[in-house]
**Student:** 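Take this structure, written in structure tokens, and hold onto it; I'll ask about it next.
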Number of protein chains: 2
Amino acid sequence: MMSELVQRLAPLGLRFADSSAMMLIAANPGITASALGRMLDIQRANMVPLLNRLEVAGLIERKPLNGKSHSLALTEAGQAKLDQGERVIAEFETWLIDRVPEEHRPHFKPALDALWRD
Amino acid sequence: MMSELVQRLAPLGLRFADSSAMMLIAANPGITASALGRMLDIQRANMVPLLNRLEVAGLIERKPLNGKSHSLALTEAGQAKLDQGERVIAEFETWLIDRVPEEHRPHFKPALDALWRD
DNA sequence: ATGTGTTGTTATGAGTTATAACAATTCCAT
DNA sequence: ATGGAATTGTTATAACTCATAACAACACAT
């Protein structure tokens with residue numbers, strides 16, 4: 001399932017982690033790199049190449065916040081790319097849920113959501 | 001979810017791929033290494049370290065079948081280990097399904113099963 | 001019998017993730 | 001306010017996983 005999504009995101013030049021990061025940045029503008037890493041369960045050290053990639057692609061902006069932390073925000077291009085990504089993800093979800101028999105369909109997303117909500 | 005299962009299997013000295021392989025060997029005694037790899041979607045080349053690991057641990061046996069292929073089977077210790085593994089997996093499934101609200105619970109496993117059945 | 005495809009295997013390269021270290025800086029308790 | 005502890009972004013690096021290519025030995029179909 002995941003590899004299907006990854007393949008659908010690839011044409012946009014997005015990896016799965018990229019989309020996740022951009023979604024969280026969009027939802028938490030000004031978030032710091034390590035806070036983002038904590039949410040995504042990605043090591044601080046491994047955030048560097050990820051954010052570099054997004055910055056080089058012109059999708060995010062890093063602003064020095066207080067001499068130690070940086071503040072992350074989507075650029076306009078970043079927001080546009082995220083919109084495309086979310087459209088792909090929505091299509092993927094439809095594709096996915098269409099595979100479950102109708103009787104179980106309404107229960108599927110609520111059940112999945114419940115899995116990771118503490 | 002997967003990392004939870006991996007952590008639960010680790011104390012048995014089993015990886016996820018190990019358990020999967022052993023289940024399929026148990027269900028298809030005498031299966032060949034590359035056939036197993038095809039079922040698990042694991043490259044032929046990458047089966048080698050996996051099977052070596054299981055063989056060194058005394059969990060499986062490789063018998064020359066026809067000079068080209070080998071025939072795989074669980075040893076007694078392997079069957080015992082698999083039993084333990086399956087118990088852990090059953091507990092994991094219970095733990096998992098307990099997290100979904102009761103109303104959706106009966107629909108959950110059928111829905112998941114439908115995802116990968118073509 | 002001969003060519004085609006398969007098997008198990010080695011070697012290797014690409015990619016991902018975890019760990020450790022570091023300097024700079026902020027935070028907090030006294 | 002100040003000194004110790006914790007945090008941040010970063011580099012370097014090691015461990016792992018996974019995919020690709022090559023190979024000799026063999027099976028199999030025509």
Side-chain angles (χ1 to χ4, degrees), chain A residues 1-22 24-25 28-57 59-74, chain B residues 1-22 24-25 28-57 59-74:
Chain A
M1 297 302 132
M2 277 306 134
S3 79
E4 169 74 22
L5 177 54
V6 167
Q7 281 178 15
R8 284 167 180 248
L9 285 173
L12 296 181
L14 288 179
R15 309 193 188 184
F16 182 68
D18 295 349
S19 325
S20 316
M22 290 177 69
L24 284 178
I25 293 175
N28 308 76
I31 194 178
T32 201
S34 42
L36 181 58
R38 254 172 267 131
M39 288 193 193
L40 291 171
D41 203 20
I42 295 180
Q43 236 55 32
R44 213 161 68 254
N46 296 326
M47 291 300 293
V48 179
L50 197 169
L51 295 177
N52 281 346
R53 198 187 324 136
L54 294 180
E55 193 178 37
V56 166
L59 303 177
I60 65 166
E61 220 180 5
R62 280 196 261 215
K63 275 189 200 165
L65 190 59
N66 56 14
K68 185 167 72 162
S69 313
H70 285 187
S71 142
L72 302 175
L74 291 188
Chain B
M1 297 301 132
M2 276 308 135
S3 79
E4 170 73 24
L5 178 53
V6 167
Q7 281 178 16
R8 285 168 180 246
L9 286 173
L12 296 182
L14 288 180
R15 309 191 187 185
F16 182 68
D18 296 348
S19 325
S20 316
M22 290 176 69
L24 284 178
I25 294 175
N28 308 76
I31 193 179
T32 201
S34 42
L36 182 57
R38 254 171 266 130
M39 288 196 194
L40 291 171
D41 203 21
I42 295 180
Q43 238 52 35
R44 212 161 70 253
N46 296 326
M47 291 300 293
V48 179
L50 197 169
L51 294 177
N52 281 346
R53 198 187 324 136
L54 294 179
E55 192 178 39
V56 166
L59 303 177
I60 64 167
E61 221 179 3
R62 280 197 261 214
K63 275 190 201 164
L65 190 59
N66 57 13
K68 184 167 72 161
S69 314
H70 286 185
S71 142
L72 302 175
L74 290 187

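No experiment lies behind these values; they were computed from the predicted model shown. Protein chains get the first letters and strands the later ones, always in sequence-line order, with residue 1 at the start of each. All values below come from the heavy atoms of this structure, side chains included, with hydrogens, waters and symmetry mates left out.
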**Student:** Would you mind reading off the distance between B:Leu50 atom CG and D:dT17 atom P, rounded to a whole angstrom?
**Tutor:** 10 Å

**Student:** Is any side-chain heavy atom of B:Arg15 less than 4.5 Å from a side-chain heavy atom of B:Leu50?
**Tutor:** no

**Student:** Of A:Ala45 and A:Gly67, whose nearest nucleotide on DNA chain C comes first from the 5' end?
**Tutor:** A:Ala45

**Student:** When you match B:Arg53 and A:Ser34 each to their closest nucleotide on DNA chain D, which lands nearer the 5' end?
**Tutor:** A:Ser34

**Student:** Could you check whether any side-chain heavy atom of B:Glu55 comes within less than 4.5 Å of a side-chain heavy atom of B:Glu61, counting everything from C-beta outward?
**Tutor:** no

**Student:** Any side-chain to backbone donor/acceptor pair from A:Thr32 onto A:His70? Under 3.5 Å, distance only.
**Tutor:**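 Checked: pair present.
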
**Student:** Among A:Leu72, A:Val56, A:Asn46, A:Leu59, exactly one meets side chain to side chain contact (heavy atoms under 4.5 Å, CB included) together with A:Leu51. Which residue is that?
**Tutor:** A:Leu72

**Student:** Give a yes/no on whether any side-chain N or O of A:Arg62 is located under 4.0 angstrom from OP1 or OP2 of D:dT10.
**Tutor:** yes

**Student:** Is B:Gln43 close enough to D:dA19 that one of its side-chain N or O atoms is under 4.0 Å from OP1 or OP2 there?
**Tutor:**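 The answer is yes; a side-chain N or O of B:Gln43 sits under 4.0 Å from OP1 or OP2.
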
**Student:** For B:Arg38 and B:Pro49, find the nucleotide of DNA chain C closest to each by heavy atoms; which residue's nucleotide sits nearer the 5' end?
**Tutor:** B:Arg38

**Student:** Round to a whole Å and report the spacing from NE2 of A:His70 to C1' of C:dA24.
**Tutor:** 11 Å

**Student:** Which heavy atom in B:Met39 sits nearest to a heavy atom in B:Leu24, and how many Å separate them?
**Tutor:** CB-CD1, 3.8 Å

**Student:** Do any N or O atoms of the protein come closer than 3.5 Å to N or O atoms of nucleotides 1-6 of chain D, and which pairs are they?
**Tutor:**
none

**Student:** Reckon A:Thr32 has a side-chain N or O less than 4.0 Å from the OP1 or OP2 of D:dG9?
**Tutor:** yes

**Student:** Roughly, in whole Å, what's the span from CG in A:Leu51 to P in D:dT11?
**Tutor:**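 So the CG-P distance, A:Leu51 to D:dT11, works out to 12 Å.
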
**Student:** Do any side-chain nitrogens or oxygens of B:Arg44 fall under 4.0 Å of OP1 or OP2 in C:dT10?
**Tutor:** no

**Student:** Does atom CG of B:Asn66 have more than 12 heavy-atom neighbours, drawn from other residues, nucleotides or ligands, at distances under 6.0 Å?
**Tutor:** yes

**Student:** How close or far is atom C1' of C:dC27 from atom CG of A:Asn66, stated in whole angstroms?
**Tutor:** 11 Å

**Student:** Tell me whether the OP1 or OP2 atom of C:dG15 has a side-chain N or O from A:Arg15 closer than 4.0 Å.
**Tutor:**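 No, outside the criterion.
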
**Student:** For A:Ile42 and D:dT8, give me the distance from atom CD1 to atom P, rounded to whole Å.
**Tutor:** 16 Å

**Student:** Any donor and acceptor pair, going by atom type alone, linking the side chain of A:Ser20 with main-chain N or O of A:Phe16 inside 3.5 Å?
**Tutor:**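 Here the side-chain-to-backbone pair exists.
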
**Student:** To the nearest angstrom, how far is B:Phe16 atom CZ from D:dT17 atom C1'?
**Tutor:** 15 Å

**Student:** Rounded to the nearest Å, what distance is computed from the CG atom of residue B:Asn46 to the P atom of nucleotide C:dG8?
**Tutor:**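 Taking CG of B:Asn46 and P of C:dG8, I get 14 Å after rounding.
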
**Student:** What is the distance, rounded to the nearest whole Å, between atom CE of B:Met47 and atom P of C:dT7?
**Tutor:**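 Computing the B:Met47:CE to C:dT7:P distance gives 12 Å.
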
